[in-house]
Amino acid sequence: MTTLIFASHNKNKAAEINALTEPNIHISTLNEVGISDEIAETAQTLEGNALIKARFARQKTGKACFADDTGLEVEVLGGEPGVYSARYAGEDCNSENNIDKLLSKLSNATNRKARFRTVVAYISADGKEHLFEGIVEGQIAHKRAGSNGFGYDAVFIPTDDNINPNGTLTFAQMDLTVKNQISHRARAISKFVEFIANEH
């Protein structure tokens, strides 16, 4: 059994990733290996933040580690909120505040193109660093719709006809099992899982 350290305290996300990996690979959160530190995400890019977290875990454990970071990138806003997606409306904000700010900034916008992007950073047992990216193209709705998901899901409409014919549903209106199969995070994780399956 090979153990990979996930530089996160999110056990639900770890369980989701565990379900996608080979039976001989186990994903452990930081809590499971006795690390309770919060990792400061100070980089200006998703890649940078993912690497900060993976390097922190690698330094603490000496084992193969990985981490992810995700951002919503809106074309007309020059890629905002991007790396600041979780704290777009301020350090103590919540998802509702973030959505309010986004919809306000887009109130007069006709171009509502956006994408969700996830980057997974992996540091292998020999210390080599690898990056994997997952993207879902879409657009920002004019108002919230749906109650599933989290973050910006209620205003993000994926525009891939294979997963959302005619672009009618937000992520928050989709069944979670469907969203999780085609999401930006799922796409990045699938590339990562394929890589480590070939590595072991």
Side-chain angles (χ1 to χ4, degrees), residues 6-10 12-14 16-17 38-57 65-106 109 111-123 129-142 144-146 148-160 163-164 167 169-172 174 176 179-193:
F6 180 32
S8 170
H9 299 290
N10 190 326
N12 294 324
K13 203 188 289 188
E16 187 179 302
I17 297 168
E38 291 296 330
I39 308 168
E41 300 178 33
T42 56
Q44 302 297 306
T45 63
L46 300 178
E47 291 83 355
N49 277 339
L51 282 167
I52 283 173
K53 291 183 280 190
R55 287 167 180 164
F56 173 88
C65 302
F66 72 99
D68 72 328
D69 201 29
T70 294
L72 174 67
E73 300 173 345
V74 180
E75 186 173 276
V76 76
L77 298 180
E80 284 187 14
V83 73
Y84 303 108
S85 293
R87 53 191 186 279
Y88 192 38
E91 288 297 329
D92 298 319
C93 66
N94 58 30
S95 294
E96 294 304 306
N97 305 142
N98 289 334
I99 289 175
D100 287 342
K101 179 175 180 178
L102 179 65
L103 292 180
S104 175
K105 293 192 82 166
L106 291 177
N111 174 6
R112 305 182 76 85
K113 285 184 182 178
R115 65 180 188 172
F116 265 125
R117 191 163 69 94
T118 290
V119 174
V120 172
Y122 171 55
I123 304 178
E129 297 180 348
H130 308 269
L131 293 172
F132 307 90
E133 181 183 67
I135 293 173
V136 170
E137 301 287 347
Q139 59 184 4
I140 303 301
H142 288 273
R144 294 170 174 80
N148 294 329
F150 57 91
Y152 296 90
D153 285 356
V155 293
F156 184 82
I157 303 171
T159 50
D160 183 335
I163 59 173
N164 195 17
L169 302 176
T170 67
F171 263 161
M174 293 181 173
L176 285 177
K179 180 212 163 185
N180 289 339
Q181 287 171 1
I182 52 83
S183 75
H184 41 293
R185 180 173 290 108
R187 290 175 175 181
I189 291 294
S190 68
K191 292 177 184 177
F192 166 57
V193 166

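Residue numbers count from 1 along this sequence. The model shown is predicted, which means the values in this text are computed figures rather than measured ones. All heavy atoms count here, side chains included; hydrogens, waters and symmetry mates do not.
Put simply, the side chain of Asp153 does not reach to within 4.5 Å of the side chain of Asn148, judged on heavy atoms. Looking at heavy atoms from C-beta onward, His130 lies out of side-chain contact with Lys191 at the 4.5 angstrom threshold. In this structure, the side chains of Glu80 and Val74 stay at 4.5 Å or more apart for every pair of heavy atoms.
Of the charged side-chain nitrogens involved, none lies within less than 4.0 Å of a carboxylate oxygen, so that Asp69 and Arg185 do not count as a salt-bridged pair.
Aromatic ring pairs are classed by plane angle as parallel below 30°, tilted from 30° to 60° and perpendicular above 60°; the pair Phe116 and His184 is parallel. Note: Phe192 and Phe132 have tilted aromatic rings, judged against thresholds of 30 and 60 degrees for the angle between ring planes.
In this structure, the side chain of Thr170 engages the main chain of Ala145 through a donor-acceptor pair within 3.5 Å. Under a 3.5 Å cut-off, the side chain of Tyr88 and the backbone N or O of Ile99 do not form any donor-acceptor pair. The closest donor-acceptor contact from the side chain of Thr118 to the backbone of Ala188 lies at 3.5 Å or more, if one exists at all. At least one donor-acceptor pair under 3.5 Å links the side chain of Asn98 to the backbone N or O of Ala86.
For the residue pair Tyr84 / Gln44, a side-chain donor-acceptor distance below 3.5 Å is found, with atom types taken as modelled. Checking Glu129 against Tyr122 by side-chain atom types alone, no donor-acceptor pair falls below 3.5 Å.
Between Arg87 atom CZ and Glu41 atom CD the span is 6.5 Å, to the nearest 0.5 Å. Here Ile135 contributes atom CD1 and Glu133 contributes atom CD; the two are 3.5 Å apart, rounded to the nearest 0.5 Å. To the nearest 0.5 Å, the span separating CG on Leu102 from CD1 on Ile140 amounts to 5.0 Å.
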